[in-house]
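The next block holds one structure in the form of structure tokens; read it before the comments.
This one's a predicted model, so the numbers in the text were calculated from it and none came from an experiment. Residue indices begin at 1 and follow the sequence shown.
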Amino acid sequence: MEMGIDKEIEKNVCHPSHYLQAGRRECIEEMRLMFGDEKVYWWCVMTAYKYRYRTGSKDGNPAEQDNKKAEFYLDYAEGLKETARGETS
């Protein structure tokens, strides 16, 4: 995330509390275990598309937040692709 991003937007983008439950992994990590990285990769790509499509149209979600979520999911997808190729950051 770039410096200067609103802290509330950053929290909502990277690790929203509704996807964190006590005693469990974050939802996206459980998805990887249940469905595999390839399916989660494509889910991330499609989710990014959804956020770009609706940018600024959902009440209570500023366009900046939707754009940051799209970036987050595309970055996550790229990380999955690098993991599959055996690359590390």
Side-chain angles (χ1 to χ4, degrees):
M1 291 276 119
E2 68 186 48
M3 295 303 293
I5 186 173
D6 179 272
K7 292 293 182 190
E8 187 67 20
I9 289 176
E10 183 176 359
K11 181 185 70 136
N12 290 335
V13 169
C14 297
H15 304 286
S17 60
H18 53 278
Y19 290 121
L20 299 169
Q21 295 185 15
R24 295 180 68 175
R25 290 178 170 89
E26 190 166 358
C27 182
I28 199 166
E29 295 301 320
E30 286 191 11
M31 289 170 60
R32 290 179 68 188
L33 293 171
M34 291 181 70
F35 305 112
D37 286 352
E38 182 178 357
K39 288 182 179 161
V40 175
Y41 168 85
W42 286 111
W43 177 83
C44 288
V45 170
M46 290 184 282
T47 299
Y49 175 83
K50 174 191 79 167
Y51 282 114
R52 290 227 168 105
Y53 180 87
R54 74 151 204 221
T55 297
S57 298
K58 184 176 178 184
D59 289 341
N61 285 37
E64 179 185 16
Q65 181 171 306
D66 287 339
N67 287 327
K68 292 294 180 187
K69 283 185 177 185
E71 288 176 28
F72 172 85
Y73 284 110
L74 290 175
D75 289 347
Y76 198 95
E78 184 60 32
L80 291 173
K81 195 177 348 178
E82 289 173 3
T83 298
R85 289 191 305 243
E87 299 174 10
T88 57
S89 334

- prompt: Can you say whether the rings of W43 and Y73 are parallel (under 30°), tilted (30 to 60°) or perpendicular (over 60°)?
  reply: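 Judged by the thresholds at 30° and 60°, the geometry between W43 and Y73 is perpendicular.
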message: With a sphere of 6.0 Å drawn around CD of E38, does it hold more than 12 non-hydrogen atoms of other residues, nucleotides or ligands?
response: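 Check fails, neighbour count at 12 or below.
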[atom1]/[X] to [atom2]/[Y] distance, rounded to the nearest 0.5 angstrom?
X   : Y   : atom1 : atom2 : answer
Y76 : T47 : OH    : OG1   : 12.0 Å
I28 : L33 : CD1   : CG    : 11.5 Å
E78 : T83 : CD    : OG1   : 10.0 Å

query: Under the side chain to side chain contact (heavy atoms under 4.5 Å, CB included) test, which residues partner E30, sequence neighbours left out?
result: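 E30 satisfies side chain to side chain contact (heavy atoms under 4.5 Å, CB included) with R24, R25 only.
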field: For F35, all residues meeting side chain to side chain contact (heavy atoms under 4.5 Å, CB included), sequence neighbours excluded
entry: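 Counting only residues at least two positions away or on another chain, F35 forms a side chain to side chain contact (heavy atoms under 4.5 Å, CB included) with M31, K39.
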task: State, to 0.1 Å, how close D66 and S57 come at their nearest heavy-atom pair, and which atoms those are.
output: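 What the structure gives for the nearest pair is OD2-N, 4.4 Å.
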field: Nearest non-hydrogen partners of K69 and N61, listed with the distance
entry: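 Taking every non-hydrogen atom into account, NZ-ND2, 4.2 Å.
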[X] with [Y], same ILVMFWY side-chain cluster at under 4.5 Å:
X   : Y   : result
Y41 : Y49 : no
L74 : Y53 : no
V40 : M34 : yes

message: Quick one, Q65 and K68 - any side-chain contact, counting heavy atoms below 4.5 Å?
response: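 In short, these two side chains do not touch, never coming nearer than 4.5 Å.
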